[in-house]
Amino acid sequence: MDARSINPVSRARLSVMDSITAVPTPLNEPVLGYAPGSPERAQLEAQLASYAAADPAQWTGSINPSRPAATEWLDVVMPSDRHHRLGRVAQTSPADAKAAIDRICATAPDWAGLDFDSRAAVFLRAADLIAGPYRAQLNAATMLGQGKTVQQAEIDAVAELVDFLRFNVAYARQIHQVQPRSAAGAWNRSDYRPLEGFVYAVTPFNFTSIAGNLPTAPAIMGNVAMWKPAVTQQFAAQVLLDILAEAGLPDGVIALTPGHGTAISEAALVDPRLAGIHFTGSTRVFQQLWHEVGTNIARYRTYPRIVGETGGKDFVLVHPSADPEAVVAALVRGAFEYSGQKCSAASRAYVAKSVWERIVDQLVEVTNGLSIGDVRDLSHFTSAVIDQRAYLKLSAAIEEAKASPTAEIVAGGEYWDEPGWFVRPTIVKSSDPNSAGFTTEYFGPLLTVYVYPDSEWDSVLDLIDSTSPYALTGAVLSRDRSAIVTATTRLRQAAGNFYINDKPTGAVVDQQPFGGARASGTNDKAGSLWNMMRWTSPRSIKESLVAPRAIAYPHMA
Ligand code: NAD
């Protein structure tokens, strides 16, 4: 072939556009208020009613819907009305998972071969569909399926998910622009390749945004992903899958494999094509996955990237100088929004005695006054916990506190399981700072408080740092600058997200990149440049503009 002719392979590229474009500048999606009489409230209420009246759905995700009827089906119910079945979901078998992996790996070259702008446009369109025509649907599915109030659904399923999609496109573009220097006679380039294989995205029940982010972040970087959502999050996961399809995501880029994880991991973790795990969930499951990867390490074509955001035992530290009203707000909102089922929720507090004496009456009154009920009644502050397992774990912890000689229930303490799994926001005051309330992640509306003598401020810092294995979020409340500086310094490794005079929850994409270290994860900060960098395997290219011919060196003369 003539050296100057164009190789036909280059014509197989799916799209051609010679430009370095500027992606739309992302802004955080506004959170709507759903006040009585607002148009968004009317739309949402109609959607809730329509979903609740519908016959139970049948969800198969991306696995073949026409496979044998012997499939195992799992029920998905409303946490606040547990007899109300929203649908049933097919359990992915190891053979289904293997078929899904084959499918996405077959799609991988085409997806990676598509230019960045064409890939990015799919996710920008998905963001606009969520913010616009699908807002009520995704919110309603998240409310009914995951037991969220409208405020909690709106900040998660809409605002944060839209932010993840829009900002991740911008971060990916920033990464592409990082290019090496070139010395005279050469042109150096960085090629941001996707990983060689597939990413296994395993997502938790408590955030629709995280469920959407874990498979889409790698996909924006050109990867294909197998997405295993929590069974209890399946309703919103399915709505999101439909939105991605409408946005133009080609078939086989993200395969949703529903059901419990063990059967799916059986296929995924032994597959030589496993190139990454993007996980959010409990520390126990993450460690189990990592362990399996270690056991199978010689099988893989490439070392899998492992990114995991896991549990927390998040603290609020109250200095004697703190503003009492701000303390009550930080504790109540930080511990009890979404019934404490946020990885960042305050679950242990260390309160100076002088402040405790001033706030305890108000704290108890506000906590006991929080309304709790069905998510379809928008007047409630919170709702049921996610499932029976969570309910049993939390009710057992409350009974243990009642029986403990070192603990006293100062607010809440009641639970009931009709018509849903309800646990009243509960505050336990404990005189034993090493008891389970300060170390165990219960993942519910349970706040344990240690009241320390004002003079022990210094030693309480060490106590916080050493009591729990986690290091996700924490907050200090103080009006004394030197105390703020001391806490910020001494608790440097105790939290990946640290708050001063605020609650330890509510991180916003691009404002407080989120994640923690120690037992709380790999701290790759979901929705950030650092996270997106984990999904690319850069290739360095050097091109000599005039090919060198010399062989001998001067010293050889
Ligand atoms: P979980 O660990 O029980 O489940 C997480 C996911 O893992 C689910 O999809 C589950 O089905 C799956 N899973 C379980 N065993 C598996 C296996 N062997 N193979 C593959 N998948 C498997 O967690 P959860 O109850 O859904 O969520 C709550 C936990 O998540 C809490 O510990 C919370 O702190 C944590 N969390 C952390 C963050 C963070 O950013 N750090 C955010 C949200 C939730």
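Please read all numbers here as calculations on a predicted model, not as lab measurements. All ligand and atom numbering here is 1-based and tracks the order in the structure. The analysis underlying the following values was restricted to heavy atoms, covering all of them including side chains, and did not include hydrogens, waters or symmetry mates.
- P504 pairs by the side-chain contact (heavy atoms from CB on, under 4.5 Å) definition with V316, A346, T473, A475, Y499, not counting sequence neighbours.
- Between F438 and Y350, the two ring planes are tilted [angle within 30° to 60°].
- Judged as a salt bridge (charged side-chain N to carboxylate O under 4.0 Å, His left out), the pairs with a partner in residues 508-525 (not counting sequence neighbours) are, in order, D465-R518, D524-R534.
- Aromatic ring orientation, F123 versus W111: perpendicular (interplanar angle above 60°, classes split at 30° and 60°).
- Using a heavy-atom distance under 4.0 Å as the criterion, the protein contacts of ligand 1 are Y200, V202, T203, P204, F205, N206, I210, K228, P229, A230, G261, T262, S265, F279, T280, G281, S282, V285, Q288, L289, E309, T310, G311, G312, C343, R389, E441, F443, L472, F514.
- Using cut-offs of 30° and 60° for the angle between ring planes, the Y391 and Y415 rings count as perpendicular.
- The salt bridge (charged side-chain N to carboxylate O under 4.0 Å, His left out) contacts involving residues 270-294 comprise D102-R273, D271-R273, where partners must be two or more places apart or lie in separate chains.
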